[in-house]
Amino acid sequence: MSAHLALHDLTLGYDRHPAVHHLDGRIEDGALLAIIGPNGGGKSTLLKGIAGRIAPLGGRIENSFPRLAYMPQIGDLTRDFPVNVMDLALTGLCGKSGMFGRIGKQDRQRAHEAINAVGLTGFEARPIRTLSGGQMQRLLFARLMVQDAPLLLLDEPFSAIDSGTIADLLAIIARWHKEGRTILIVLHDLEIVRQHMPQSLLIAREPIAWGASSAVLNQPNLDRARAMSEAFDRDAAECRRAA
């Protein structure tokens, strides 16, 4: 299968200290890949690197997708802006029309359809600051729908939401996967991974295992990831691979 996304000896981090290092691999087009590992293991950093939010410290990311859609953790978002549900859904069009581009009738119809698809019918005029955590997460999924990107990056999309909302959002992800989109999702719930994610990447700042979830999620791999995370020295200098 073809792959528009590949990682080549990739190292990512902050202030020259690596959070993810020496990661090699290719993500096949149409993959549904869970990124798992201990807290502080570099999962969110990896998504930010692929999304272009941070530059590599070493190696490179090869991404030939025409566009991507990135959903950060809900805790990284502020709801203080005076915008409503429709306004936020329409920001998914900024990549196409620009920040101050004209929004047409078809664009609004597309946003309405996305809002309806996530179960927020009738909420279009509701200020986002009044939404519950689950409603806000549904809205972020609607924004992804409006973006209509072939590569989707989701960081902890099921954090602190109810089981009913999780089930609805998993159904949306399954539909995206069936459409052939490439989806990378940072997850903590290993049961969700086992039941719904065909592939997994287990990292603890370094790659531990990458492949079918059934093969990755064994106890030796999980124990190794935990041990590597506990042994990590946050003050260590930037590592360099020997030639």
- Query: What closest approach, in Å, do L187 and A34 show between heavy atoms, and which atom pair accounts for it?
  - Reply: CD1-CB, 4.2 Å
- Item | Residue pair R67 / D148, side-chain heavy-atom distance below 4.5 Å | yes
- Do I27 and L201 pass the side-chain contact (heavy atoms from CB on, under 4.5 Å) test, and can you show the C-alpha distance, the side-chain angles, and the key distance before you say yes or no? CA-CA 10 Å; I27 294 93; L201 167 61; over 6 Å; no
- N/O donor-acceptor pair under 3.5 Å between D29 side chain and H4 backbone: yes
- Query: Do Q137 and D168 have side chains that get closer than 4.5 Å, going by heavy atoms?
  - Reply: no
- 4.5 Å side-chain heavy-atom contact, I172 and M145: yes
- Query: Counting distance only, does the side-chain N/O of R138 pair as donor-acceptor with the main-chain N or O of V118 below 3.5 Å?
  - Reply: yes
- Message: Is it true that, when you exclude Q106 itself, more than 12 heavy atoms of the residues, nucleotides or ligands shown sit nearer than 6.0 Å to its CD?
- Response: no
- Task: Ignoring hydrogens and angles, tell me if any N or O in the side chain of Q135 forms a donor-acceptor pair with the backbone of G133 under 3.5 Å.
- Result: no
- Can you tell me if R110 uses its side chain to pair, donor with acceptor, with the backbone of V146 under 3.5 Å? yes
- Task: Applying side-chain contact (heavy atoms from CB on, under 4.5 Å), run through V20 and L10 and close with a yes or a no.
- Result: CA-CA 8 Å; V20 175; L10 178 65; 5.6 Å; no
- Task: State whether the number of non-hydrogen atoms from other residues, nucleotides or ligands found under 6.0 Å of R129 atom CZ is greater than 12.
- Result: no
- Query: Hey, what do you get for CD1 (I61) to CG (L5), rounding to the nearest 0.5 Å?
  - Reply: 7.5 Å
- Message: Working note: I161 + I74, criterion side-chain contact (heavy atoms from CB on, under 4.5 Å); need CA distance, chi angles, decisive distance, verdict.
- Response: CA-CA 11 Å; I161 60 176; I74 194 168; 6.0 Å; no
- Query: Are F158 and I192 close enough that some pair of their side-chain heavy atoms sits under 4.5 Å apart?
  - Reply: yes
- Task: Working to the nearest 0.5 Å, report the span between CD1 of I183 and CG of L33.
- Result: 10.5 Å
- Answer with yes or no whether the side chains of H188 and E156 bring together a donor and an acceptor at under 3.5 Å. yes
- Any side-chain heavy-atom pair from F141 and I173 closer than 4.5 angstrom? yes
- Message: Run the ring pair (Phe, Tyr, Trp, His ring centres under 6.0 Å) test against H177 and tell me which residues pass, sequence neighbours left out.
- Response: none
- Query: Could you walk me through whether R205 and M228 pass the side-chain contact (heavy atoms from CB on, under 4.5 Å) check?
  - Reply: CA-CA 8 Å; R205 300 187 181 264; M228 288 179 66; over 6 Å; no
- Message: According to side chain to side chain contact (heavy atoms under 4.5 Å, CB included), who are the partners of E113, at least two apart in sequence or on a separate chain?
- Response: Q109
- Beyond-backbone contact of I54 with Y14, side-chain heavy atoms, under 4.5 angstrom: yes
- Beyond-backbone contact of E124 with N116, side-chain heavy atoms, under 4.5 angstrom: yes
- Query: When you measure from the side chain of K43 to the backbone N and O of L202, does any donor-acceptor pair fall under 3.5 Å?
  - Reply: no
- Item | Between Q73 and S159: side-chain donor-acceptor atoms closer than 3.5 Å | no
- Query: What is the minimum heavy-atom distance between I36 and V216, and which atoms define it?
  - Reply: CD1-CG1, 4.5 Å
- Task: Would you mind reporting whether T91 and D87 have side-chain heavy atoms less than 4.5 Å apart?
- Result: no
- Message: Quick check on R126: does its CZ atom have over 12 non-hydrogen neighbours (other residues, nucleotides or ligands) under 6.0 Å away?
- Response: yes
- Item | Partner residues of A69 under the side chain to side chain contact (heavy atoms under 4.5 Å, CB included) criterion, sequence neighbours left out | L144, Q147, A149, L152
